[in-house]
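These notes concern the structure reproduced below.
Start at 1 with the first residue, then count along the sequence. We count ligands from 1, going down the list as the structure has it; atoms in each ligand are counted the same way.
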Amino acid sequence: MKKILMLGTGGTIACKRGEYGLKPLISSDELLSYVPDAAQFCQADSLQILNIDSTNMQPKHWLTMAEAIEAHYEEYDGFVICHGTDTLAYTASALSYLIQRTSKPIVLTGSQKPINMDITDSKTNLLDSFVCACDGRIPGVQIVFGGAVILGTRARKTYSKSFGAFSSINYPVLGVVQDNCLVPY
Ligand code: ASP
């Protein structure tokens, strides 16, 4: 069975309603517990490296992510990074240049709604990300969101409420995830 490491960085996906509004308070372990179906096709571990709103993301945080992947690169077949949507595309670009010529999938995802809400895109996005990280046919840095797989250097957040928040700019979508299956284009 393939081994996947999920890195938690915060964002809406990990938010709980707290004293001052939404705050990333859900741990990576807790996030994993919301997608029990992932255990059917991979062995997933989690690592909490940050827990911030992605509007506070800085270049030093990109290095933290790249270093965590480097430190665990040989142990895992793929990586999933949970991230806020506001700067997810910038992180995807940065990681695409920090981690080049990798044969393993490095999948960034997030959500429009927290994972503990009744109606949420979090569980689908997270599970779809595990599907892509496990499948391995699309290597490198990519965003999986709203069922689409987008090259890390081509993504842009184009909608702030729609579950299909990201578009691929001047480049085809790399694939789609449907019913726990990756369909690469
Ligand atoms: N402000 C949040 C963030 O980027 C928005 C989100 O995750 O959708 O961390």
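The closest protein non-hydrogen atom to atom 1 (N) of ligand 1 is D86 OD2, 2.8 Å. Distance from atom 8 (O) of ligand 1 to its nearest protein heavy atom, with residue and atom name: T85 OG1, 2.5 Å.
Cluster annotation: F163 and I143 are assigned to distinct hydrophobic clusters (Ile/Leu/Val/Met/Phe/Trp/Tyr, side-chain heavy-atom contacts under 4.5 Å, transitive). M65 and Y76 fall within the same hydrophobic cluster, defined by Ile, Leu, Val, Met, Phe, Trp and Tyr side-chain heavy atoms under 4.5 Å apart, directly or through other members.
Between H83 and ligand 1, no pair of N/O atoms sits closer than 3.5 Å. Taking any N or O of T55, backbone or side chain, none lies under 3.5 Å from an N or O belonging to ligand 1. Note: an N/O pair closer than 3.5 Å links S54 and ligand 1 by distance alone. Between D53 and ligand 1, at least one N/O pair is under 3.5 Å apart.
Exactly one of L127, D135, V131, V183 qualifies for a side-chain contact (heavy atoms from CB on, under 4.5 Å) with V177. That residue is V131.
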Output, in order, the C-alpha distance, side-chain angles, deciding distance and verdict of side-chain contact (heavy atoms from CB on, under 4.5 Å) for M6 and L126. CA-CA 10 Å; M6 189 195 86; L126 196 50; 4.0 Å; yes
Determine, stepwise, if the pair Q112 / F145 fulfils side-chain contact (heavy atoms from CB on, under 4.5 Å). CA-CA 10 Å; Q112 298 284 39; F145 207 101; 4.3 Å; yes
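Near G84, meaning under 4.0 Å from one of its heavy atoms, ligand 1 places the atoms 3 (C), 4 (O), 7 (O), 9 (O). Close approach to T12 involves these atoms of ligand 1, each under 4.0 Å from a residue heavy atom: 2 (C), 5 (C), 6 (C), 7 (O), 8 (O).
Note that the CD1 atom of I49 and the CD atom of E67 stand 9.5 Å from one another [nearest 0.5 Å]. In this structure, T87 OG1 and M57 CE are separated by 5.0 Å, a value rounded to the nearest 0.5 Å.
The closest approach between a heavy atom of S111 and any atom of ligand 1 is below 4.0 Å.
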